[in-house]
Amino acid sequence: MCGRYVIAGVHELSERFQLRTIPAELFPTWNAAPTQRLPVVVEDAATERALRMMQWGLLPRWNRPGSRPIAPINARAETLEEKPMFRGLLRRSRCIVPVNGFYEWRQGGGRKQPYYIAPADGDIWGLAGLYDEIEGPDGEPLASYTIVTTAANPLLAPLHERMPAILRPDDEEAWLSRDVDDPRQLELLLRPAPADEIAVRPVGPAVNSARNNGPELIAADEPADGADG
DNA sequence: CCAGACGTTGTT
DNA sequence: GTCTGG
DNA sequence: CCAGACGTTGTT
DNA sequence: GTCTGG
C-alpha cells in the first residue's frame, strides 16, 4: 500500500488469530516502519499458530554483502506468480500480518492530511504476507516479510491506487494452509476488500513523524484538521 | 555463454 | 536462487 | 509514507 | 534533489 505505515499495536489480538496476549515490550509498534518488527502469524491454521516478530521488508536469500541490498515492503498480488522473487514464497511461505489498520495520505490544501483506515466493525485485519528466513549477521535466523498489495477499492481509490490484500476471515485458514499451493486459487484470496467493511477517518499530523508511536495516534478524539473522508 | 539485476510506491 | 540482457 | 540529512579533514 | 531512517 502506499501508506507504508501499518499499525499493529494491539496487545490483545482477535480471538480468530488464536494468539496469546502480547507482552507490551514485544509490541512497541503502532506506527510501523520498514525494519521495525511486527507480529506475524505463520504455520497451519489448524494447529496452534505461532506468533513471531518479523522485520517488515523482505530480505531475499540472495542478498549478499557488498551488493545493494533489496528489501521490498510490498508485493503486487497480480504478479506474484511471474516474479521469480515471489513465486516460490507464494507456494511455500505465506503469512498473515495482523493489524489494527493502516495510514494513507492525501494532498489537502498544500499539506498532507493523514487518514486512518481500519475495519468498520472494530475488529482486526489479517493482511496477506510472504516471508522468508535468512541467517542474520549474528548467525541467528532473521525472518522478514512483505505485504501483498492489490488494487484499491472505490472507497480508497481517491487516497491511493493500491491497498493491502486484506484477507476475509474465512480465507485466512486457506492462506496459511500448507496443503494449498495453486497460485490461481491463492490469488483469488487477494482481491480488494469490499468498501463497506472499511472505515476511513482523518487523524492528526502526529503520525507523520515516525518518532511518534503510540495509540494516541489513532485516538478517536484526535484533532482532525482538514476533515473529510 | 556470462554479468547483472532481482521489488514497490510515489511523483511529475 | 533465477531470470533478463547483451 | 514523511522527516531529516545530505561533506571532509583532523583530532581524540 | 535524493537518499536514509523510522
Side-chain angles (χ1 to χ4, degrees), chain A residues 1-9 27-38 53-95 97 99-118 127-135 142 144-152 156-165 183 187 190 192 200-218 222 225-226:
Chain A
M1 59 244 143
C2 72
R4 272 144 71 156
Y5 291 73
V6 170
I7 69 161
F27 216 144
T29 303
W30 285 81
N31 188 359
T35 75
Q36 287 190 301
R37 290 179 179 226
L38 293 181
M53 301 299 286
M54 288 191 194
Q55 175 172 315
W56 185 19
L58 180 70
L59 301 167
R61 314 185 79 86
W62 39 258
N63 263 348
R64 282 194 281 289
S67 52
R68 187 174 70 101
I70 187 174
I73 59 172
N74 293 131
R76 295 176 64 91
E78 300 89 331
T79 55
L80 292 180
E81 183 61 9
E82 53 185 75
K83 301 289 184 180
M85 182 172 180
F86 300 131
R87 187 184 302 147
L89 300 180
L90 176 63
R91 291 172 166 270
R92 303 182 310 270
S93 303
R94 302 183 298 273
C95 63
V97 186
V99 301
N100 298 85
F102 58 94
Y103 303 109
E104 300 285 6
W105 281 259
R106 190 167 84 178
Q107 196 78 35
R111 51 193 175 151
K112 300 282 184 107
Q113 169 63 50
Y115 293 87
Y116 177 55
I117 298 146
L127 306 185
L130 303 175
Y131 72 98
D132 205 351
E133 210 168 75
I134 63 174
E135 186 175 325
L142 176 56
S144 61
Y145 67 94
T146 188
I147 293 173
V148 178
T149 66
T150 190
L156 297 183
L159 293 179
H160 200 79
E161 183 186 22
R162 309 288 298 173
M163 66 185 281
E187 288 181 11
L190 305 176
V200 182
R201 66 179 164 81
V203 291
V207 69
N208 291 352
S209 174
R211 292 180 312 187
N212 299 327
N213 201 19
E216 66 278 3
L217 296 177
I218 56 169
E222 189 74 24
D225 56 325

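Naming convention: chains lettered A, B, ... in sequence-line order (proteins, then strands); numbering from 1 in each chain.
In this entry the distance linking CD of E82(A) with C1' of dC6(B) reads 14 Å, nearest Å. N74(A) has its CG atom 7 Å from the C1' atom of dT9(B), to the nearest Å. Rounded to a whole Å, the CG atom of L80(A) is 18 Å from the P atom of dC6(B). The distance between atom CD of E161(A) and atom C1' of dT9(B), rounded to the nearest whole Å, is 9 Å. Atoms CH2 (W62(A)) and P (dA3(B)) sit 18 Å apart, rounded to a whole Å. Rounded to an integer number of Å, the gap from OH of Y115(A) to C1' of dC2(D) is 16 Å. The separation between R76(A) atom CZ and dG7(B) atom P is 12 Å, rounded to whole Å. Distance L59(A) CG to dT8(B) C1': 15 Å, rounded to the nearest Å.
The base-pairing partner of dT4(C), taking Watson-Crick or G-U wobble contacts with both distances under 3.5 Å, is dA3(B). Pair assignment for dT8(B) gives none, since no Watson-Crick or G-U wobble pairing has each distance under 3.5 Å.
Contact between the side-chain N/O atoms of T149(A) and the OP1/OP2 oxygens of dT8(B) is not found at any separation under 4.0 Å. Listed pair R111(A) / dC2(D) fails the phosphate criterion, with no side-chain N or O lying under 4.0 Å from OP1 or OP2. The phosphate of dC2(D) has neither OP1 nor OP2 within less than 4.0 Å of any side-chain N or O from R211(A).
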For this session: With ring pair (Phe, Tyr, Trp, His ring centres under 6.0 Å) as the test, would you mind laying out the steps for Y115(A) and Y103(A) before giving the verdict?
Result: CA-CA 5 Å; Y115(A) 293 87; Y103(A) 303 109; over 10 Å; no

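Nucleotides dC2(D) and dT11(B) have their P atoms positioned 7 Å apart, rounded to a whole Å. Of the P atoms belonging to dG5(C) and dT8(B), the separation is 16 Å, rounded to the nearest Å. Between dT9(B) and dG1(E), the two P atoms lie 23 Å apart (nearest whole Å).
A distance of 11.0 Å separates CG of L80(A) from CZ of R87(A), quoted to the nearest 0.5 Å. Put simply, CG on L159(A) and CD on Q107(A) are 12.5 Å apart, with the number rounded to the nearest 0.5 Å. Separating the CG atom in L58(A) from the CG atom in D132(A) is a distance of 6.0 Å, to the nearest 0.5 Å.
By the 4.0 Å N-to-carboxylate-O rule, E78(A) lies close enough to R162(A) to be salt-bridged with it.
If you check every strand for non-hydrogen atoms under 4.0 Å, R61(A) touches nothing.
Think of the region where chain A sits on DNA chain C: with heavy atoms and a 4.0 Å cut, that region ends 5' and 3' at dG1(C) to dC3(C).
Checking dA3(D), dG7(B), dT8(B) against the side-chain heavy atoms of N208(A) singles out dA3(D) as nearest. Side-chain proximity of R162(A) to dT9(B), dC2(D), dT8(B): nearest is dT9(B).
Closest approach of S144(A) to G57(A), counting heavy atoms only: CB-O, 3.2 Å. Between P183(A) and L90(A), the closest heavy-atom pair is CB-CD2, 4.1 Å.
Counting only N and O atoms by type, the side chains of W30(A) and N100(A) include no donor and acceptor under 3.5 Å apart.
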